[in-house]
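In the text below, chain A, chain B and the rest are named by the order of the sequence lines, each starting its count at 1. Values in this document were obtained by computation on a predicted structure and should not be read as measured data.
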Amino acid sequence: MRFMVMVKANPQSEENIAPSTEDLDAMSRYNDELVKAGVLLDANGLTSSADGALVSFTDGEPTVIDGPFTEAKELVAGYWVLEVKSREEVVEWVKRVPFEGDEEVEIEIRQVYEAGDFGPGYTDDIRDRQDAMAAKIAERHG
Amino acid sequence: MIIRRADEETEAGTLPSEELFAAMTKYNEELVKAGVMLDGAGLQPSAKGMKVRFSGGKRSVIDGPFAEAKELIAGYSVIEAGSLAEVVELVKKWPVEDGHGNATIEIRRVADIDEYDTATPEIVERERRMRAETGNA
């Protein structure tokens, strides 16, 4: 089962203030444990929304809005993609994320759609093309 | 990172039509052909998700659904590009079938460990090993 685990932004991440050495160290050691357990597929931090943009489609027409996005309270600041055997397992891993102290943090866990979840719209042709893309990506970037 | 924000349909677990799957697959194939696509996935509704809340040293688990759809994400892809402007041009070509022509796509830059002056050589090295192990160099 594949899950995306997301940490939300805070004023520090939105200001692109680098995490302390202690925090980076603790996080990289945690990521190491995920790697050793064979559950980590990917992990990334995202910079401030000031470095980004929104493309908003209305009736098929795109409008581009530069960041920062002050109206969104729930921006993503970092995420992991984990491959685990159960919902319980991903929760246990997330409980071990090294956020200590008095700060209140919420980490969101969402299950990733995999081929079998997609219903009839996901035809055999689509599945083959998805598999072909995954293979090409692995070959080029894996 | 390209983030497809959620809406009422994605939160309801409405699956893409064959037409939308075809359009998204074609779009993604172009990104793969251009060599810029690194990863991507759709997320199941928050009703099937959970949150872990960290507060005062304690952890508690809260089941979904959460929040308003527009505060959540429904899918993402990670692409390699030289500039924000380049990504904006790619996203402007997002299939209009998505969200029946009404979708919000957020573009965010992925941080490089090297840009943190607080990262020691040991931390940078650990990160490099992680990327090599996960095939995400």
### Heavy-atom proximity to chain B below 4.5 Å, by part of A/Val64
side chain
### Heavy-atom proximity to chain B below 4.5 Å, by part of A/Asp125
neither
### Query
Does a donor on one side chain and an acceptor on the other come within less than 3.5 Å for A/Asn44 and B/Arg131?
yes
### Task
Kindly give the heavy-atom pair with the smallest separation between A/Arg87 and B/Met50, and that separation in Å.
NH2-SD, 3.3 Å
### Worked check of side chain to side chain contact (heavy atoms under 4.5 Å, CB included) between A/Asp25 and B/Thr120
CA-CA 8 Å; A/Asp25 189 59; B/Thr120 63; 5.5 Å; no
### Query
Which bit of B/Lys58 comes within less than 4.5 Å of chain A, counting heavy atoms only: side chain, backbone, both or neither?
neither
### Engaged part of A/Val76 at the chain B interface, taking heavy atoms whose separation is under 4.5 Å
both
### Under 4.5 Å from any heavy atom of chain A - which part of B/Met1
side chain
### Message
Run A/Met133 and B/Leu31 through side chain to side chain contact (heavy atoms under 4.5 Å, CB included) and show every step you take.
### Response
CA-CA 10 Å; A/Met133 281 195 273; B/Leu31 296 179; over 6 Å; no
#### Entry: Geometric cation-pi criterion, A/Arg110 with B/Tyr76: 6.0 Å, 45°
no
### Message
Please give me the minimum heavy-atom distance between A/Phe69 and B/Ile107, naming the atom from each residue.
### Response
CZ-O, 4.4 Å
### Task
Heavy-atom distances under 4.5 Å only: say whether B/Val61 touches chain A with side chain, backbone, both or neither.
side chain
### Task
Search all heavy atoms of A/Arg29 against all heavy atoms of B/Glu122 and return the closest pair with its distance.
NH2-OE2, 3.9 Å
### Short side-chain to backbone donor-acceptor contact, B/Arg109 and A/Gly52, under 3.5 Å
no
### Task
Let me see the working for A/Val112 and B/Leu43 under side chain to side chain contact (heavy atoms under 4.5 Å, CB included), right down to the final yes or no.
CA-CA 4 Å; A/Val112 169; B/Leu43 302 188; 3.8 Å; yes
### Point-to-point distance, once rounded to the nearest 0.5 Å, from CD of A/Gln111 to OG of B/Ser46
13.0 Å
### Backbone of B/Val32 reached by a side-chain donor or acceptor of A/Arg140 within 3.5 Å
yes
### Message
For A/Pro19 versus B/Thr118, what's the shortest heavy-atom pair and its separation?
### Response
O-OG1, 2.6 Å
### Query
From B/Ile3 CD1 over to A/Leu75 CG, what is the distance, rounded to the nearest 0.5 angstrom?
8.0 Å
### Query
At a heavy-atom separation under 4.5 Å, does A/Thr123 approach chain B through its side chain, its backbone, both, or neither?
side chain
### Message
When you compare the side chain of B/Phe54 with that of A/Ile107, does any pair of heavy atoms fall below 4.5 Å?
### Response
yes
### Task
For each of A/Val5, A/Asp23, A/Thr58, tally heavy-atom pairs with chain B at distances under 4.5 Å, and name the one with the top tally.
A/Thr58
### Query
How many angstroms lie between OG1 in B/Thr134 and CG in A/Leu41, if you round to the nearest 0.5 Å?
8.0 Å
### Message
By the definition side-chain contact (heavy atoms from CB on, under 4.5 Å), identify the one residue from A/Val35, A/Leu34, A/Leu40 that meets it with B/Glu133.
### Response
A/Val35
### Query
Heavy-atom distance under 4.5 Å between the side chains of A/Asn16 and B/Glu115, does that happen here?
no
### Message
Need one label for B/Leu15: side chain, backbone, both or neither, based on atoms under 4.5 Å from any heavy atom in chain A.
### Response
side chain
### Task
Under 4.5 Å heavy-atom distance to chain B, tell me which part of A/Met6 shows up: side chain, backbone, both or neither.
side chain
### Query
chain A heavy atoms under 4.5 Å from B/Pro45: which part of the residue, side chain, backbone, both or neither?
both
### Query
So, the side chain of B/Ser55 versus the backbone of A/Glu104: is there a donor-acceptor pair under 3.5 Å, distance only?
no
### Task
Supply the atom-to-atom distance A/Phe118 CZ to B/Glu18 CD, rounded to the nearest 0.5 angstrom.
14.0 Å
### Message
What part of B/Glu29 gets within 4.5 angstrom of chain A, counting heavy atoms only: side chain, backbone, both, or neither?
### Response
both
### Task
Check whether any side-chain heavy atom of B/Tyr116 lies under 4.5 Å from a side-chain heavy atom of A/Leu24, and answer yes or no.
yes
### Task
Just do the side chain to side chain contact (heavy atoms under 4.5 Å, CB included) check on A/Arg129 and B/Asn28 with the steps written out, would you?
CA-CA 10 Å; A/Arg129 288 161 72 187; B/Asn28 288 334; over 6 Å; no
### Task
Select one option (side chain, backbone, both, neither) describing which atoms of A/Ser48 are under 4.5 Å from chain B's heavy atoms.
backbone
### Message
Check whether B/Arg129 reaches the backbone of A/Asp32 with its side chain - one donor and one acceptor, N or O, closer than 3.5 Å.
### Response
no
### Query
Which atoms of B/Ile2 come close to chain A, meaning under 4.5 Å heavy atom to heavy atom: side chain ones, backbone ones, both, or neither?
neither
### Region of B/Val78 in contact with chain A, defined by heavy-atom distances below 4.5 Å
side chain
#### Entry: Rounded distance (nearest 0.5 Å) linking atom OG of A/Ser28 with atom CD of B/Glu125
11.0 Å
### Side-chain touch A/Glu108/B/Ile73, heavy atoms, less than 4.5 angstrom
no
